[in-house]
Amino acid sequence: MKRLLSPWLALLTLSLLIVIRVSDPTFVESVRLRYFDTLITSKTHTVSKQVHVVNIDDATLERLGQFPFPRSQYANIIEDLYSRGAGLVVFNLFMPDADRFGKDASLADTFHRHPVVLPQVASPDKNLSLAFRPGVSEIGSPAHDFTVDYPGIQPNIPLFNASAAGIGVVNVLPEIDGVTRRIPMVVSSGGLLYPSISLETLRVAVGDPSFQVKSTDAGIEAVRIPSFAKITTDSIGRIWIDWSANPIQHSLMDLPKSFDGGIVIVGLTAKGLNNPVATPRGGLFPHYVQANVLETLTSGTSISRPDWADGAEILAVIVLSILIILLSRWKYAIIPIIAVIVSLYYGSHYTFTHYGYLVDSLFPILSLAIVYLHTYTVKFITELNAKLQIKKQFGTYLSPAMVEKLQKNPELLQLGGETRELSIMFTDVRGFTTISEHYGKDVQGLTKIMNRYMTAMTAKIIKNNGTLDKYIGDAQMAFWNAPLDDKDHALNAVKTALEMLGDLDGFNKEIVKEGIPPFGMGLGINTGSVVVGNMGSRQRFDYTCLGDSVNLASRLEGQSKNYGVRIVLGERTAQLVKDVYDVVEMDCIAVKGKTEGVKVYTIGKTVTYMHNEFLKEYYRGNWDKAESWIKEILTAGNDVTITAYYEAILERIKEGLPPQWDGVYRATSK
């Protein structure tokens with residue numbers, strides 16, 4: 001028991017936690033990402049000094065009319081933004097089709113005079129027309145082997161493709177929980193690389209004709225605009241977005257006098273025209289996400305999940321869990337354990353604040369808490385077992401089932417009971433005298449073999465939901481349907497009897513090899529209403545049952561030998577199990593001490609129609625005819641399994657018909 005309750009059993013829990021972390025199922029990754037959200041959004045929020053967003057909002061539609069506007073109106077908007085000192089305009093409206101008002105030329109003319117960055121969309125459709133693509137220089141392994149790949153890129157109309165200063169892909173790439181935290185700097189289609197709109201905006205802003213991508217065999221390492229600093233990415237080209245810098249917001253109908261050379265991103269916020277993107281800060285319109293990406297790129301912020309993070313987190317769980325197990329026997333172990341957990345939490349915040357590293361402390365903390373709970377639960381149970389040792393002494397007097405029930409309902413500790421239908425079984429050893437003589441004066445040997453026998457037989461009672469009432473020398477008493485309800489109590493009782501007989505055969509094979517005489521067994525099962533509950537005195541009592549049906553069950557067991565069968569069933573039991581088992585009516589008997597007859601049955605096979613004819617003549621007192629039917633049955637073949645029963649009846653018939661025969665056989669012995 002001490003081994004089972006060892007705190008080192010917590011290593012199994014630790015192993016399970018490590019397997020979960022290594023396999024990294026969706027729910028674990030999702031929780032980790034949400035923890036990273038708390039780290040990233042914990043930074044102090046600031047207002048950008050160089051990125052503006054201009055919203056085409058409800059007020060804009062009220063003044064300018066139905067959307068989409070004529071593209072000459074877009075040209076006017078862009079002219080107005082540049083007249084107010086915009087350094088670069090990102091016009092975040094996708095235009096894959098010609099203007100319904102025929103004003104595309106006016107807008108294209110504006111693109112020739114002012115640099116404008118437009119969006120294009122990565123699409124699941126193939127064979128789309130040629131998209132805009134600036135020059136790209138690849139260093140190392142082919143980058144398109146690692147990037148997010150799309151079947152096609154859907155561009156704006158060719159006129160705008162030819163006149164815009166730059167065009168970038170606007171697709172986001174949500175995480176497994178649908179939240180956008182990272183944005184790919186480059187994507188691929190047809191083996192070609194395309195920049196995101198944020199990277200393209202940066203390229204146009206500094207006036208470079210191309211961008212660079214550096215890759216190794218492990219994936220993409222970085223992207224770069226030649227005139228700008230290197231941008232470190234993960235292996236598929238993504239960067240983490242810093243949400244702390246808020247772009248300066250304007251309505252198109254309420255523009256500032258000057259943008260001071262800043263980047264101006266125009267986008268839709270009017271109701272029904274655009275869908276927000278799920279982010280750690282809630283739903284944001286796409287051009288706000290682009291603004292935060294630009295702010296992340298231009299501010300020099302570097303947020304990354306280092307390659308060593310997974311290994312470090314798993315190692316921390318292993319080392320610290322073993323430490324917790326070692327400390328579990330110490331009375332004040334909770335103090336250093338709390339210190340470790342707090343250190344993990346603040347250590348994670350420190351590495352992010354000072355180095356921009358995303359290190360998960362949540363899973364290690366939860367793992368340590370689970371290991372701690374396991375070890376201290378073991379400690380609690382160990383101490384509780386010592387306290388319960390005294391209570392176990394009552395098991396000498398009360399059955400385990402009764403002890404358990406009394407623990408849940410102490411008010412049951414009073415005399416009395418209830419009336420309910422039970423199926424009661426009595427068993428007895430046949431040939432006990434021979435077995436006893438075999439052991440002679442070796443009382444210990446006889447005790448051991450009886451314990452082996454009782455253990456084997458009792459196991460079947462417990463297995464089939466029975467309540468073991470008591471041992472009476474070499475006999476057993478058990479019942480079904482109390483204290484717990486069992487609607488199949490008769491079936492379970494008969495099933496148990498058959499399984500006990502099956503186990504007895506195996507038991508006998510073992511002991512015969514040891515030179516011990518085989519055990520025989522008789523069983524009686526009766527079903528009826530009895531009183532069941534706590535019976536006895538105020539000093540000592542037990543959970544048992546009383547009633548005429550109990551006495552009859554005991555008498556039926558005693559008659560098994562007289563009828564040459566191993567199982568005798570009462571009439572109610574037979575009725576309840578006849579659809580499942582082969583039930584054979586044997587006699588109508590008045591057991592010793594009774595005057596009224598009861599029909600008795602057994603489990604077996606016979607020739608049914610012949611048997612029915614035999615019983616008809618037997619009950620009528622025509623024993624000569626009954627004898628004839630028995631002889632026909634015995635010569636009927638291998639279908640008859642209760643031959644000994646018929647032979648016993650033949651012996652009775654030879655003794656002659658009792659005087660005043662009324663169809664009831666009156667037993668003279670128990």
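What's counted below: heavy atoms across the whole structure, side chains too, no hydrogens, waters or symmetry copies. As the structure is a prediction and not an experimental result, all values here were calculated from the model.
Note: His114 and Tyr82 have parallel aromatic rings, judged against thresholds of 30 and 60 degrees for the angle between ring planes.
Side-chain contact between Phe132 and Pro155: absent, with no pair of heavy atoms (C-beta onward) separated by less than 4.5 Å. Taking 4.5 Å as the limit, every side-chain heavy atom of Ile337 sits out of range of all side-chain heavy atoms of Leu368. Taking the side chain as every heavy atom from C-beta outward, Arg224 and Met185 never approach each other to under 4.5 Å. The shortest distance between side-chain heavy atoms of Asp80 and Ser83 falls below 4.5 Å. Side-chain contact between Ile263 and Gln50 is absent, with no heavy-atom pair separated by less than 4.5 Å. Residues Gln154 and Asp125 have side chains not in contact (no heavy-atom distance under 4.5 Å, counting atoms from C-beta outward). Between Val116 and Thr110 the shortest side-chain heavy-atom distance does not fall below 4.5 Å. Side-chain contact between Thr233 and Val186: absent, with no pair of heavy atoms (C-beta onward) separated by less than 4.5 Å.
Of the charged side-chain nitrogens involved, none lies within less than 4.0 Å of a carboxylate oxygen, so that Asp488 and Lys495 do not count as a salt-bridged pair. The existence of a salt bridge linking Glu200 and Arg203 is confirmed by a sub-4.0 Å separation between a basic side-chain nitrogen and an acidic carboxylate oxygen.
Arg181 contributes no side-chain N or O that, together with a main-chain N or O of Trp240, makes up a donor-acceptor pair within less than 3.5 Å. Using a distance-only test at 3.5 Å, with no hydrogens or angles considered, no donor-acceptor pair links the side chain of Thr147 to the main chain of Asp149. Using a distance-only test at 3.5 Å, with no hydrogens or angles considered, no donor-acceptor pair links the side chain of Ser137 to the main chain of Gln212. Asp208 contributes a side-chain N or O that, together with a main-chain N or O of Ser227, makes up a donor-acceptor pair within less than 3.5 Å. Between the side chain of Glu138 and the backbone N or O of Ala143, at least one donor-acceptor pair lies under 3.5 Å. Judged purely by atom type and a 3.5 angstrom limit, Ser30 has no side-chain atom pairing as donor or acceptor with the backbone of Thr26. A donor-acceptor pair under 3.5 Å links the side-chain atoms of Thr296 to the main chain of Asp242, judged by distance alone.
Across all non-hydrogen atoms, the minimal contact from Phe101 to Pro70 is CD1-CA, 3.4 Å. Across all non-hydrogen atoms, the minimal contact from Thr41 to Pro280 is CG2-CB, 4.0 Å. Here the closest heavy-atom approach between residue Ala164 and residue Leu118 is recorded as CB-CD1, 3.9 Å. Shown here for Asn92 and Gly267, the closest heavy-atom pair between the two residues is CB-CA, 4.5 Å. Contact detail for Phe363 and Val28: the closest heavy-atom pair is CD1-CG1, 4.1 Å. Contact detail for Leu268 and Asn274: the closest heavy-atom pair is O-ND2, 3.2 Å.
Here the OG-CZ distance, from Ser304 to Arg238, works out to 13.0 Å after rounding to the nearest 0.5 Å. Taking CZ of Phe285 as the reference point, atom CG of Asn275 lies at 8.5 Å (rounded to 0.5 Å). Note that the OG atom of Ser244 and the NZ atom of Lys43 stand 4.0 Å from one another [nearest 0.5 Å]. For the atom pair CD1 (Ile370) and OG1 (Thr377), the distance works out to 11.5 Å, reported to the nearest 0.5 Å. Note that NE2 of His144 and CG of Leu193 are 8.0 Å apart. Values are rounded to the nearest 0.5 Å. How far CD of Glu313 is from CG of Leu315: 11.0 Å, rounded to the nearest 0.5 Å.
Within a 6.0 Å radius of OH in Tyr355, other residues, nucleotides and ligands contribute 12 heavy atoms or fewer. More than 12 heavy atoms of other residues, nucleotides or ligands shown are found within 6.0 angstrom of CZ on Arg100. When the shell of 6.0 Å around CZ of Phe67 is examined, it contains more than 12 heavy atoms from other residues, nucleotides or ligands.
Residues passing the salt bridge (charged side-chain N to carboxylate O under 4.0 Å, His left out) test with Asp99: none are found, sequence neighbours excluded. A search for salt bridge (charged side-chain N to carboxylate O under 4.0 Å, His left out) contacts involving Asp109 returns Arg113, not counting sequence neighbours. Applying the salt bridge (charged side-chain N to carboxylate O under 4.0 Å, His left out) test to Asp310 and every residue at least two apart in sequence or in another chain returns Arg21, Arg305. With sequence neighbours left out, Glu221 forms a salt bridge (charged side-chain N to carboxylate O under 4.0 Å, His left out) with Lys214.
The stretch residues 268-285 participates, sequence neighbours left out, in these salt bridge (charged side-chain N to carboxylate O under 4.0 Å, His left out) pairs: Asp58-Lys271. Note on residues 356-375: no pairs pass salt bridge (charged side-chain N to carboxylate O under 4.0 Å, His left out), not counting sequence neighbours.
Side-chain contact of Ser348 with Tyr35: a donor-acceptor pair under 3.5 Å is present, judged by distance alone. Residues Ser72 and Ser106 have side chains that never bring a donor and an acceptor to within less than 3.5 angstrom of each other. A donor-acceptor pair shorter than 3.5 Å cannot be found between the side chains of Asp57 and Thr269. Checked by atom type, the side-chain pair Ser251/Asn55 shows no donor-acceptor distance below 3.5 Å.
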Next item on the list: Go through His287 and Val266 one step at a time and tell me if the side chain to side chain contact (heavy atoms under 4.5 Å, CB included) criterion holds.
Entry: CA-CA 7 Å; His287 56 296; Val266 180; over 6 Å; no
Next item on the list: Give the intermediate values and the outcome of side chain to side chain contact (heavy atoms under 4.5 Å, CB included) for residues Leu320 and Leu344.
Entry: CA-CA 11 Å; Leu320 295 176; Leu344 284 172; 4.0 Å; yes
Note to self: Test side chain to side chain contact (heavy atoms under 4.5 Å, CB included) on Leu33 and Val179; report intermediate values, then the result.
What the structure shows: CA-CA 9 Å; Leu33 289 171; Val179 177; over 6 Å; no
Note to self: What verdict does the ring-ring contact (aromatic ring centres under 6.0 Å, His included) test give for Phe352 and Tyr350, after you've listed the backbone C-alpha separation in whole Å, the side-chain angles of each residue and the deciding distance to 0.1 Å?
What the structure shows: CA-CA 5 Å; Phe352 175 74; Tyr350 181 86; over 10 Å; no
Notebook entry, point to check: Is there a side chain to side chain contact (heavy atoms under 4.5 Å, CB included) between Leu64 and Met253 once you walk through the steps?
Noted result: CA-CA 10 Å; Leu64 299 183; Met253 296 295 99; 4.2 Å; yes
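Put simply, the residue from Ile239, Asp234, Ile236 that forms a side chain to side chain contact (heavy atoms under 4.5 Å, CB included) with Arg182 is Asp234.
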